[in-house]
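What you see is a predicted model; the values in this text were computed from it and never measured. In the text below, chain A, chain B and the rest are named by the order of the sequence lines, each starting its count at 1.
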2 protein chains.
Amino acid sequence: MNRLSSDRLDATFAALADPTRRAILARLASGEASVAELVEPFAMTQPAISKHLKVLERAGLISRTQDAQRRPRRLEAKPMAEANEWLEKYRQFWEGSFLRLDDLLDEMKGLETKGTNTRGARERAPGSKLGAGNKKRGRARSQGKTQ
Amino acid sequence: MNRLSSDRLDATFAALADPTRRAILARLASGEASVAELVEPFAMTQPAISKHLKVLERAGLISRTQDAQRRPRRLEAKPMAEANEWLEKYRQFWEGSFLRLDDLLDEMKGLETKGTNTRGARERAPGSKLGAGNKKRGRARSQGKTQ
DNA sequence: TAGTTATATAACCTAAAGGTAATATACATC
DNA sequence: GATGTATATTACCTTTAGGTTATATAACTA
């Protein structure tokens, strides 16, 4: 929620957004592997894989050990826990298909009552066509980087 | 696991890798919102937010409805379910902190025995120092995009 | 110590991502 | 039909991502 965890989420999700990197993680799930072993399945040069490994490493998803000239990587899945936590907050939205989304929203709205929504943005009832009362909300443009 | 779901995961994780987009999703979790309402909290222009919305839309994470000139967005969390599923496969790796990771890996290796690893990459027992038998594996450089 | 193997790094290229300002489009209203 | 409001689109810019080839470094081996 704070800036730090937001940055970590950035790095984690970005690392997971590439199929090559996900495949590398899958490979490492079955045991640590050298760079050469990680290169082997891909139609890609070793430096390219080394770059992917660096991305995964900066995201904390893998670590290196040493074994002579080899630098085997191993899986470090903890950042996934944080990504998972973030996703969990939305679980009700994908699991509750038996409820219409509107109902869920209405329900949340009941619990909310200006608790979480600190910025003064107002919701209209879903399905309501009327925009009355929407005019002249303050803009309050903020500065700096998002979140 | 197939190409399609891999592409969807790419799009989903990539969409989630940006803090502005995650904030937009958080906002939409409390009810649908117009573009103007989504712009309001950010130090960013409307076209920039519209671009973010397009990214979220292509990932299937939001949809648009219509209300006069307004085009309110609503949360569509289903793609998160798939991302969640992918992460779940690694849950043991971040939850099993009471076991040393090595133990988990060893355990998996017992169950595995060349079941999943179809490409001929070989594992060495962790801690094994010998690299013999690694020479002259064919490279079989293939074409096209990964996976 | 010369050679070999494993990996990292550098320099470079191209395309995509994330912004901007300016402008076009669609709908509502007077 | 002119005007206002909400959103989309266009043209542009800068930075980053993902790849390449060539080369450097580090550790083992003869």
Side-chain angles (χ1 to χ4, degrees), chain A residues 10-11 13-24 32-40 42-59 62 64-73 124 129-137 139 141 143-147, chain B residues 10-11 13-24 32-40 42-59 62 64-73 124 128-137 139 141-147:
Chain A
D10 289 0
F13 282 129
L16 298 181
D18 184 281
T20 302
R21 290 193 292 262
R22 288 198 306 276
I24 288 173
E32 59 174 44
S34 70
V35 174
E37 285 165 347
L38 292 172
V39 168
E40 194 269 333
F42 297 104
M44 198 177 299
T45 60
Q46 170 261 312
I49 296 294
S50 284
K51 275 195 185 180
H52 282 304
L53 294 176
K54 192 171 284 185
V55 172
L56 290 168
E57 209 171 327
R58 277 192 285 109
I62 64 174
R64 4 175 167 193
T65 58
Q66 174 147 7
D67 165 22
Q69 317 104 304
R70 301 167 69 257
R71 299 285 183 281
R73 306 311 211 267
R124 288 149 54 265
K129 292 290 178 193
L130 50 89
N134 263 351
K135 307 186 167 188
K136 296 223 152 72
R137 255 166 302 148
R139 265 345 246 350
R141 171 124 314 177
Q143 295 302 105
K145 228 200 146 196
T146 298
Q147 285 204 338
Chain B
D10 289 1
F13 281 129
L16 298 181
D18 184 281
T20 301
R21 289 192 292 260
R22 288 198 307 275
I24 288 172
E32 60 174 42
S34 70
V35 173
E37 285 164 348
L38 292 171
V39 168
E40 193 268 333
F42 297 105
M44 200 177 297
T45 60
Q46 171 262 313
I49 295 295
S50 284
K51 274 196 185 179
H52 282 304
L53 294 175
K54 192 171 284 186
V55 172
L56 290 167
E57 208 171 328
R58 277 193 287 110
I62 64 175
R64 3 173 168 194
T65 58
Q66 174 148 6
D67 166 22
Q69 316 104 306
R70 301 165 67 256
R71 298 287 183 280
R73 306 310 209 268
R124 288 148 56 264
S128 158
K129 294 289 178 192
L130 50 88
N134 263 351
K135 309 186 164 187
K136 299 229 151 71
R137 252 167 301 148
R139 262 343 245 356
R141 175 125 310 181
S142 56
Q143 295 304 103
K145 230 199 143 197
T146 298
Q147 287 199 337

When you measure from the side chain of B:R58 to the backbone N and O of B:L56, does any donor-acceptor pair fall under 3.5 Å?
no
Partners of B:A59 by side-chain contact (heavy atoms from CB on, under 4.5 Å), sequence neighbours excluded?
B:A11, B:A15, B:L61
Phosphate contact (D:dT20 OP1 or OP2) by A:T45 side-chain N/O below 4.0 Å
yes
Any heavy-atom pair between the side chains of A:M44 and A:V39 that's under 4.5 Å?
no
Between B:Q46 and B:V35, does a side-chain contact (heavy atoms from CB on, under 4.5 Å) hold up when you go through it step by step?
CA-CA 8 Å; B:Q46 171 262 313; B:V35 173; 4.2 Å; yes
In whole angstrom, what separates B:I49's CD1 from C:dA17's P?
17 Å
Under-3.5 Å N/O pairs linking protein and nucleotides 11-18 of chain D:
unit_1	atom_1	unit_2	atom_2	d
D:dG18	OP1	A:R21	NH2	3.3
D:dG18	OP2	A:R21	NH1	3.0

Would you mind building the protein contact string for nucleotides 23-30 of chain D? One character per nucleotide, 5' to 3', B for base within reach (heavy atoms under 4.0 Å), S for sugar-phosphate only, - for untouched.
---SBS--
Find the distance B:R70:CZ to C:dT25:C1' and express it as a whole number of Å.
18 Å
With sequence neighbours left out, the residues meeting salt bridge (Lys or Arg N to Asp or Glu O under 4.0 Å) with B:R64 are B:E57
Between B:L53 (CG) and D:dT9 (P), how many Å, whole number?
12 Å
Across all chains, not counting sequence neighbours, the side-chain contact (heavy atoms from CB on, under 4.5 Å) partners of A:A14 are B:A17
Do side-chain atoms of B:Q66 reach the backbone of B:A68 as a donor and acceptor pair under 3.5 angstrom?
yes
Looking at B:R73, does any N or O in its side chain come under 4.0 Å of the phosphate oxygens OP1/OP2 on D:dA8?
yes
Rounded to whole angstrom units, what separation is found between the NZ atom of B:K54 and the C1' atom of D:dT9?
7 Å
List in chain and number order the residues that pass side chain to side chain donor-acceptor pair (under 3.5 Å) with A:T65, two or more places apart in sequence or in another chain; answer none if no residue qualifies.
none
B:I62 CD1 - D:dA8 C1' separation (whole Å):
14 Å
